[in-house]
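Here is the structure we will look at.
Numbers restart at 1 for each chain; the letters A, B, ... are given by sequence-line order, proteins then strands. Please read these numbers as outputs of a predicted model, since none were measured by experiment.
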Amino acid sequence: MSTEGPSNFIRDIIIEDIKSGKYGGRVQTRFPPEPNGYLHIGHAKAICLDFGLAAEFGGKCNLRFDDTNPSKEETEYVNAIMEDVQWLGFQWDGLYYASDYFQQLYEWAIQLITAGKAYVCDLSADEIRAYRGTLTEPGRESPYRNRSVEENLDLFERMKKGEFPDGSRTLRARIDMTSPILNLRDPVMYRILHMDHHRTGNEWCIYPMYDYAHGQSDSIEHVTHSMCTLEFENNRPLYNWFIEQLGIFPSRQYEFDRLALTHTLLSKRKLLKLVEERHVEGWDDPRMPTLSGMRRRGYTPEAIRNFCASVGVSKTNGITQLQQLEYFLRQDLNRIVPRVMCVQKPLRVVIENYPDDLVEEMEAINNPEDSSAGTRTIPFSRTLYIEEDDFREDPPKQFYRLAPGREVRLRYAYLITCKEVIKDSSGRIVELRCTYDPATRGGNTPDGRKVKSTIHWVSAAHALSAEVRLYDNLFVKEDPNDVAEGQDFTANLHPESLQVLHDCKVEPSLRDAAPGTKYQFERLGYYCVDRDSGQRLVFNRTIGLRDTWAKIEKRATTGA
RNA sequence: UGGGGCGUAGCCAAGUGGUAAGGCACCGGUCUUUGGAACCGGCAUUCGUUGGUUCGAAUCCACCCGCCCCAGCCA
């Protein structure tokens, strides 16, 4: 057991519990998603906590699907969730479903009815709401609250048998209609729903509510520490009430703050709207904050886990800046991903004094952060492509890339000097005529001369064409929900969150790059091969490199 | 005077009576065949406010202010 390193209040509680011998030093947690949608980065924080704490203290963590509402749940989501949890790097001990417990829950309901702690109520949904009272006024007791145990037992059994239509009756806990805690004002335990369930089919037509299922499910699994997000603080009294009335294993619930990120939406309802209204291409669109979207974008599980660890666990409603996530992404990618050259916006360069028929293989380092990654060779020839942004006919101050008369280094190749700029009839620069210094092969300068810039390139005759998809934040504003009256978050959608470049040039070593493979395009950023890639190469930009020049240039144009 | 939570730097966050960790961002600098990475340095006399207790308060007490959650037969 480790008690070193950054802690948090839940971890501290666990350490205390182990020390005091509560639960015999055992730690059992669970991650309990409802299979009604895809997992996103917010869930990743919960997963890291649930699985991470169990692992740290030699405990176990179950994956339990909270599938108590058949109207929203599907097997497709169950499978996607399992895939995402494993991709993130975690393996559950037990795999369970709340629906596994339907029979036990039903028997416990009968036990509560028998004890006079639950009753069948014939009030409609509207009536129940009216009887519940308000935040400041107490509720009123249902006229059905004092039915006899026998009648309740009979009615509940008939509810189960399917004798009544949806919505006609509910089973309610008999607690206190005047409680200041709204959840305790005779909460509904069961509702009638004649609907197929993704696992139990038509076996049941009454389904337990979250509050009646969750705590008992934890208890059945002997969960010691049940973590959930802050909005469930209000449910804790009820969670405890059922466990106490039933006299079952005392699981305890602890609430922590939900993850929130700038420029990002993490509400299943809103993400669903983005998908349905085709603002994105699907749940795994690389701009989505879903784990499947992030995976396709090129995120690594390690980066996400490190990020989750960095934001900590507390009870404050904070909004973490996206840059913090991006930092951990770059950090991980930087040390594991091979470098390669890609020219996104090609500008032709002809080396006038380089032999027309010569092709040299230049040796390049695959990953300067990892010497075991070795080297590869890249063909060099007379006609090349360089990045359009790496040349300025009239270079501004502090721009030290290529310009007329200026010398720069071609990465791993030669030093070249720009002699002439060729334009088309419209004045657009179409080609640069340069000369190279044969003594600088590999980019070395035997005379010790310095050049201020090294730029990337690709041999025109050897380059492969590729499509590159550049992604930006899906939302322009930090808070996507910050909109004018009458608008919704879609008003904040970034019109250029996806930009497709169709004729990028990549070095030939990328010919057979398989989908999912990650690279750093030198000086540009991190990219990965999209699943759309085939005979035609398609890359997703995961994240750009930090760009100091862009910052300088922006500062200059903004007029600082 | 409904209940439950939370306020420490631009953001996240340690800290639980002994004189404000760390990370992101930002700003300098070193180094560099990626304007990347790495490295060095800077960045809260003050912890929502106001009082009080104390030799000593972000930590204890009181009041006030602000924000979040709860009135689904959703989870």
Side-chain angles (χ1 to χ4, degrees), chain A residues 6-8 32-34 36 66-69 71-72 121 123-125 128-130 132-139 166-172 178-185 187-193 206-207 209-211 213-214 228-237 255 257 259 262 268 307 309-328 330-331 334-335 339 341 364-365 368-369 398-401 409-413 415 440 442-445 451-456 478 520-525 544-552:
Chain A
S7 197
N8 61 63
E34 179 184 17
N36 69 339
D66 224 330
D67 56 351
T68 57
N69 183 358
S71 71
K72 299 167 70 175
C121 182
L123 254 24
S124 69
I128 286 183
R129 185 181 314 117
R132 185 154 33 224
T134 68
L135 294 179
T136 52
E137 301 157 28
D166 289 3
S168 59
R169 289 180 221 266
T170 55
L171 182 72
R172 294 228 253 162
T178 68
S179 173
I181 302 165
L182 265 45
N183 284 296
L184 260 24
R185 320 243 262 228
V188 171
M189 294 164 60
Y190 274 93
R191 74 285 217 178
I192 300 172
L193 260 172
I206 56 172
Y207 291 94
M209 297 287 290
Y210 165 85
D211 284 303
H214 202 94
C228 62
T229 43
L230 245 28
E231 67 272 23
F232 289 98
E233 279 177 324
N234 299 310
N235 302 65
R236 186 171 2 110
E255 310 87 8
D257 62 325
L259 176 71
T262 56
K268 272 186 193 170
F307 165 72
S310 83
V311 298
V313 176
S314 73
K315 291 175 86 86
T316 13
N317 283 308
I319 300 173
T320 300
Q321 295 179 329
L322 233 206
Q323 301 145 91
Q324 189 160 339
L325 208 210
E326 294 175 340
Y327 169 82
F328 286 97
R330 290 194 182 98
Q331 176 188 266
N334 175 54
R335 45 170 227 252
R339 272 62 169 172
M341 291 204 280
I365 293 166
E369 306 293 322
Q398 293 185 82
F399 179 91
Y400 42 82
R401 276 112 94 146
R409 172 188 292 109
L410 292 179
R411 181 109 159 127
Y412 299 125
L415 266 58
T440 59
N444 303 111
T445 52
V451 285
K452 294 190 88 171
S453 181
T454 298
I455 65 175
H456 59 281
E478 284 207 348
Q520 181 195 95
F521 288 171
E522 294 227 24
R523 301 208 309 130
L524 295 176
L545 251 28
R546 283 188 60 217
D547 189 347
T548 306
W549 164 243
K551 202 178 289 179
I552 293 169

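Among the heavy atoms of the strands, none lies under 4.0 Å from A:R330. Note on A:N235: a base of the nucleic acid sits closer than 4.0 angstrom, heavy atoms only. Among the protein residues, A:L123 comes within range of the nucleic acid bases, having at least one heavy atom under 4.0 Å from a base atom. Within 4.0 Å (heavy atoms only), A:T170 reaches at least one base atom of the nucleic acid. Using a 4.0 Å heavy-atom distance criterion, A:E34 is classed as a sugar-phosphate-only contact. Residue contacts shown for A:K268 are absent, as no nucleic acid heavy atom lies under 4.0 Å away. Residue contacts for A:T134: at a heavy-atom cut-off of 4.0 Å it reaches a base atom on one of the strands shown. Among the atoms of the strands shown, base atoms are found under 4.0 Å from some heavy atom of A:Y400. Residue A:D257 is classed as a sugar-phosphate contact, given heavy-atom separations below 4.0 Å to backbone atoms only. Nucleic acid contact for A:Y327: sugar-phosphate only, since backbone atoms but no base atoms lie under 4.0 Å from a heavy atom of the residue. Base engagement by A:F399 is indicated by at least one non-hydrogen atom pair under 4.0 Å involving a base atom. Nucleic acid contact for A:G318: sugar-phosphate only, since backbone atoms but no base atoms lie under 4.0 Å from a heavy atom of the residue. As judged by a 4.0 angstrom heavy-atom cut-off over every strand, A:E522 is placed among the base-contacting residues. Residue A:L230 is out of contact with every strand shown, counting any heavy-atom pair closer than 4.0 Å.
Counting only heavy atoms from C-beta on, A:N317 has its side chain closest to B:C68 among B:C68, B:A71, B:C69. Minimum atom distance to the side chain of A:M209 is reached by B:G72, of the listed B:G4, B:G72, B:U34. When each of B:C12, B:G36, B:G3 is scored by its nearest atom to the side-chain atoms of A:E369, the top-ranked nucleotide is B:G36. Nearest nucleotide to the side chain of A:N69, out of B:G35, B:A13, B:A75: B:A75. Among B:A13, B:G23, B:G3, the nucleotide with an atom closest to any side-chain atom of A:F328 is B:G23. Among the nucleotides B:C26, B:G36, B:G35, the one closest to any side-chain atom of A:K551 is B:C26. Among the nucleotides B:C12, B:G4, B:G35, the one closest to any side-chain atom of A:T320 is B:C12. Picking from B:G35, B:C24, B:C70 the nucleotide with the shortest atom distance to the side chain of A:Q398 gives B:G35. In this structure, of B:C70, B:G35, B:C26, it is B:G35 that holds the atom nearest to the side chain of A:D547. The nucleotide whose nearest atom lies closest to any side-chain atom of A:R546 is, among B:G3, B:G36, B:C11, B:G36.
Closest-nucleotide positions on RNA chain B for A:P368 and A:V313 were compared, and the one nearer the 5' end corresponds to A:V313. Between A:E233 and A:S124, the residue anchored closer to the 5' end of RNA chain B is A:E233, taking for each the nucleotide with the nearest heavy atom.
Residue A:Y210 places none of its side-chain N or O atoms closer than 4.0 Å to OP1 or OP2 of B:C74. OP1 or OP2 of B:C73 has not a single side-chain nitrogen or oxygen of A:R169 nearer than 4.0 Å. Regarding contacts with the backbone of B:C68, every side-chain N or O of A:K315 stays at 4.0 angstrom or more from both OP1 and OP2. Taking 4.0 angstrom as the limit, A:R236 places none of its side-chain polar atoms (N or O) nearer than this to OP1 or OP2 of B:G4. Of the side-chain N and O atoms in A:R191, one or more sit less than 4.0 angstrom from OP1 or OP2 of B:C74. Between A:T68 and B:A75, a side-chain N or O to OP1/OP2 separation shorter than 4.0 Å is present. Within the 4.0 Å cut-off from OP1 or OP2 of B:U34, not a single side-chain nitrogen or oxygen of A:T454 is found. One finds a side-chain N or O of A:R132 lying less than 4.0 angstrom from the OP1 or OP2 phosphate oxygen of B:C73. In this structure, A:T548 reaches the B:G36 phosphate: one of its side-chain N or O atoms is under 4.0 Å from OP1 or OP2.
The gap from the C1' atom of B:C68 to that of B:G29 amounts to 43 Å, rounded to the nearest Å. Spacing of P atoms, B:U53 relative to B:A44, comes out at 31 Å, to the nearest Å. Of the C1' atoms belonging to B:A37 and B:C31, the separation is 11 Å, rounded to the nearest Å. B:G41 and B:A21: their P atoms are spaced 15 Å apart (whole Å). The same atom, P, is picked in B:C39 and in B:G22; the two are 15 Å apart, to the nearest Å. Nucleotides B:G42 and B:G56 place their P atoms 32 Å apart, quoted to the nearest Å. As rounded to the nearest Å, B:G17 and B:C55 have C1' atoms that lie 12 Å from one another. Taking atom P in both B:A9 and B:A58, one finds a spacing of 15 Å when rounded to whole Å.
Residues A:R169 and A:Y190 have side chains not in contact (no heavy-atom distance under 4.5 Å, counting atoms from C-beta outward). Side-chain atoms of A:T454 and A:R523, non-hydrogen and from C-beta on, never get closer than 4.5 Å to each other. Contact check for A:E34 versus A:Y210: no side-chain heavy atoms found under the 4.5 Å cut-off. Side-chain contact check for A:K315 versus A:E233: some heavy-atom pair is nearer than 4.5 Å.
Here A:W549 packs flat against the base of B:G35; its ring centre is closer than 5.5 angstrom to the base's six-membered ring, tilted by less than 30 degrees.
Remark: RNA chain B forms stems of 3 or more consecutive Watson-Crick or G-U wobble pairs, all pair distances under 3.5 Å, at B:2-7 with B:65-70, B:10-12 with B:22-24, B:26-30 with B:38-42, B:50-52 with B:60-62.
Looking at A:Q321, its side chain comes within 3.5 Å of the base of B:G10 through a donor and an acceptor atom. No donor-acceptor contact under 3.5 Å links the side chain of A:R129 to the base of B:G72.
In this structure B:G72 sits in the syn conformation; its chi angle is within 90° of 0.
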Full working for side-chain hydrogen bond (donor to acceptor under 3.5 Å, both in side chains) between A:N183 and A:N234: CA-CA 7 Å; A:N183 284 296; A:N234 299 310; 5.4 Å; no
